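Please read the structure below before turning to the comments.
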Amino acid sequence: MEFSAKQIAEYLGGEIVGDANVTVCTFAKIEEGVPGALSFLSNPKYVHYIYETKSSIVLVNKDFVPEQPISATLVKVDNAYESLAKLLTLYDSMKPKRKGIDPLAYVAPTAKIGKDVYLAPFSAVGDNAEVGDGTELHPHATVGPRAKVGKNCIMYTNANVYHDCRVGDNCILHSGSVVGADGFGFAPRPDGSYEKIPQIGIAVLEDDVEIGANTCVDRATMGATVVHKGVKLDNLIQIAHNVEVGENTVMASQVGVAGSTKIGRQCVIGGQAGFAGHIHVADGAQIGAQAGIISSLSEKDVETPIIGSPTMPAKQFMRSSAVFRKLPDMLRTINELQREVEQLKKQLNKNE
């Protein structure tokens with residue numbers, strides 16, 4: 001598929017600087033541009049590449065003013081990064097979708113399969129399960145008994161939705177992700193061993209949720225673990241039993257959320273952040289990487305980005321980190337001052 005600069009500008013509502021008829025058929029990073037490719041520039045750190053890139057078209061923000069001649073055609077838009085996302089979405093939507101049930105797929109006799117579904121070899125749909133229209137199950141993806149997966153979802157290789165769990169429309173489950181494994185519930189016995197507590201609840205993903213590779217959303221002990229509409233979870237994330245994640249919250253890789261914690265809407269959470277159980281995080285929280293959240297965060301607590309363990313405002317954490325690096329020298333200075341004080345005390349005592 002080829003698109004001209006004119007077509008791209010019309011689709012994005014952009015302004016052309018250069019040859020309106022030049023065409024592209026692929027995408028490339030600006031530093032790796034080739035003829036026939038479209039690139040973008042939004043980060044000032046990469047601005048020097050625009051003067052040497054081989055890409056035919058480059059998306060730039062409207063306020064970009066070149067300081068040297070540029071061989072590529074520019075399409076100026078309000079937000080180059082967002083415009084690239086729109087083009088990538090359009091490009092992806094034009095790819096032909098696979099349909100049909102492979103003879104090596106397993107579908108229980110009582111399962112309900114929608115229209116235009118794709119079931120790859122060795123995928124499986126259990127008893128009384130439901131798979132919505134246009135959904136794709138890749139090899140070894142599994143929908144357990146009585147589970148429901150909505151319309152236009154994609155379950156990649158080895159993604160699993162356990163029994164009775166629910167997945168909404170337009171969701172993406174990447175390889176190795178698990179929705180509905182047992183929550184971590186064990187009761188200690190007098191002899192020091194542990195008795196498993198049955199996890200009889202479910203896990204629910206609402207519409208437009210995406211969960212990354214090897215990410216786990218555990219089922220509830222009772223009731224439901226709920227990941228609300230529009231949430232995006234990166235790879236290797238743990239969402240424990242009875243957790244609730246608010247709409248349009250995003251989490252980077254290796255975040256861990258302990259049981260029964262409630263995370264608000266529109267939160268942005270950095271990699272390896274950890275949340276204690278049974279706490280509440282207010283809407284709009286911005287939490288830095290490796291932060292340790294051990295108590296509830298109110299609206300006042302999340303007015304500014306926070307980081308650290310326990311958490312504190314990000315600027316305060318940076319200042320504290322700078323002091324932390326100086327602690328050995330500061331300790332040496334304090335010890336020297338203490339010795340001098342002791343010597344002065346001894347000298348004063350002698351004089352008395």
Side-chain angles (χ1 to χ4, degrees), residues 165-168 171-174 177-185 197 199 201-321:
C165 293
R166 305 286 184 267
V167 175
C171 292
I172 300 175
L173 281 62
H174 286 279
S177 58
V178 179
V179 176
D182 283 355
F184 194 66
I197 300 172
Q199 306 292 291
I202 63 172
V204 176
L205 307 186
E206 294 185 347
D207 297 345
D208 304 309
V209 169
E210 181 165 350
I211 63 176
N214 296 318
T215 284
C216 299
V217 180
D218 288 350
R219 70 193 315 113
T221 305
M222 292 178 283
T225 302
V226 182
V227 178
H228 286 287
K229 183 177 180 179
V231 168
K232 313 300 180 187
L233 305 180
D234 198 359
N235 304 332
L236 298 166
I237 287 175
Q238 163 64 16
I239 304 296
H241 56 203
N242 293 97
V243 165
E244 183 177 354
V245 182
E247 286 186 14
N248 298 319
T249 283
V250 293
M251 298 184 188
S253 63
Q254 299 181 32
V255 169
V257 185
S260 298
T261 283
K262 312 298 182 188
I263 296 177
R265 301 171 63 253
Q266 301 283 349
C267 295
V268 178
I269 299 168
Q272 295 187 337
F275 294 79
H278 302 273
I279 64 173
H280 180 268
V281 177
D283 295 345
Q286 299 179 56
I287 297 171
Q290 296 190 328
I293 299 88
I294 60 175
S295 59
S296 294
L297 300 175
S298 67
E299 292 179 2
K300 183 178 180 181
D301 295 324
V302 301
E303 288 177 351
T304 60
I306 55 177
I307 195 171
S309 183
T311 53
M312 64 181 74
K315 289 183 179 179
Q316 182 181 344
F317 177 82
M318 298 303 178
R319 291 194 296 267
S320 299
S321 297

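We use all heavy atoms of the structure for the numbers below, so side chains are in, but hydrogens, waters and symmetry mates are not. Note that the structure is a prediction, hence the values are computed from the model and not measured. If you read the sequence from its start, that first residue is 1, and numbering goes on from there.
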dist Thr261:OG1 -> Ile293:CD1 (nearest 0.5 Å) comes out at 9.5 Å
Exercise for review: Could you check if a side-chain atom of Gln199 sits within less than 4.5 angstrom of a side-chain atom of His241, using non-hydrogen atoms only?
Suggested key: yes
Q. For Thr221 and Asn242, what are the C-alpha separation, side-chain angles and deciding distance, and is it a side chain to side chain contact (heavy atoms under 4.5 Å, CB included)?
A. CA-CA 7 Å; Thr221 305; Asn242 293 97; 3.7 Å; yes
Shortest non-hydrogen pair, Met251 vs Ile263, comes out as CE-CD1, 3.7 Å
Problem - Side-chain donor/acceptor of Ser177 to backbone N/O of Gly212, under 3.5 Å - result: no
Between the main-chain N or O of Val178 and the side-chain N or O of Thr215, is there a donor-acceptor pair closer than 3.5 Å?
no
**Q.** Close side-chain approach of Leu297 to Ile306, heavy-atom, < 4.5 Å
**A.** yes
Can you find a pair of side-chain heavy atoms, one from Asn214 and one from Asn235, that are under 4.5 Å apart?
-> no
dist Met222:CE -> Ile197:CD1 (nearest 0.5 Å) comes out at 9.5 Å
Test item: Thr225 side-chain N/O and Ala203 main-chain N/O as donor-acceptor pair under 3.5 Å = no
CD1 of Ile287 to SG of Cys267, rounded to nearest 0.5 Å, is 6.0 Å
Worksheet item: Distance-only, no hydrogens or angles: does the Asp234 side chain make a donor-acceptor pair with backbone N or O of Ser253 under 3.5 Å?
Response: yes
Residues Arg265 and Thr249: closest non-hydrogen pair is C-OG1, 3.6 Å
- Query: Just wondering, do Val226 and Val245 contact through their side chains at under 4.5 Å, heavy atoms?
  - Reply: no
Those residues at least two apart in sequence (or on a different chain) that pass salt bridge (Lys or Arg N to Asp or Glu O under 4.0 Å) with Asp207 are none
Between the NE2 atom in His278 and the OG atom in Ser260, the distance rounded to the nearest 0.5 Å is 4.0 Å
Do Glu244 and His228 have side-chain heavy atoms sitting under 4.5 Å apart?
yes
Looking only at heavy atoms, the pair that brings Ala314 and Ile307 closest together is CA-CG2, 3.8 Å
d(Gln254 CD, Ile237 CD1) to nearest 0.5 Å is 9.0 Å
For Ala258 and Ala240, the nearest pair of non-hydrogen atoms, with its separation, is C-CB, 3.7 Å
Heavy atoms, side chains only, cut-off 4.5 Å: are Arg166 and Glu206 in contact? no
I want to check something: taking the side chain as every heavy atom from C-beta on, are Leu173 and Val179 in contact at a cut-off of under 4.5 Å?
yes
Checklist entry - Below 4.5 Å, heavy atoms only, C-beta onward: do Phe275 and Val243 meet side chain to side chain? => result no
Which of Leu205, Val227, Ile172, Ile211 passes side-chain contact (heavy atoms from CB on, under 4.5 Å) with Val167? Answer is Leu205
Determine whether a donor-acceptor pair (N or O, by modelled atom type, separation under 3.5 Å) exists between the side chain of Lys229 and the backbone of Gly168.
no
Is Lys262 atom NZ crowded by more than 12 heavy atoms from other residues, nucleotides or ligands, each under 6.0 Å away?
yes
Residues Cys165 and Gly180: closest non-hydrogen pair is SG-CA, 3.6 Å
Scan side-chain atoms only and decide if Gln238 and Asp218 contain a donor-acceptor pair under the 3.5 Å cut-off. yes
In terms of heavy-atom contacts, Gly288 and Ala273 come closest through O-CB, 4.1 Å
message = Can you confirm whether more than 12 heavy atoms, excluding those of Glu299, are under 6.0 Å from its CD atom?
response = no
Practice prompt. With side chain to side chain contact (heavy atoms under 4.5 Å, CB included) as the test, would you mind laying out the steps for Glu247 and Val231 before giving the verdict?
Written response: CA-CA 6 Å; Glu247 286 186 14; Val231 168; 5.8 Å; no
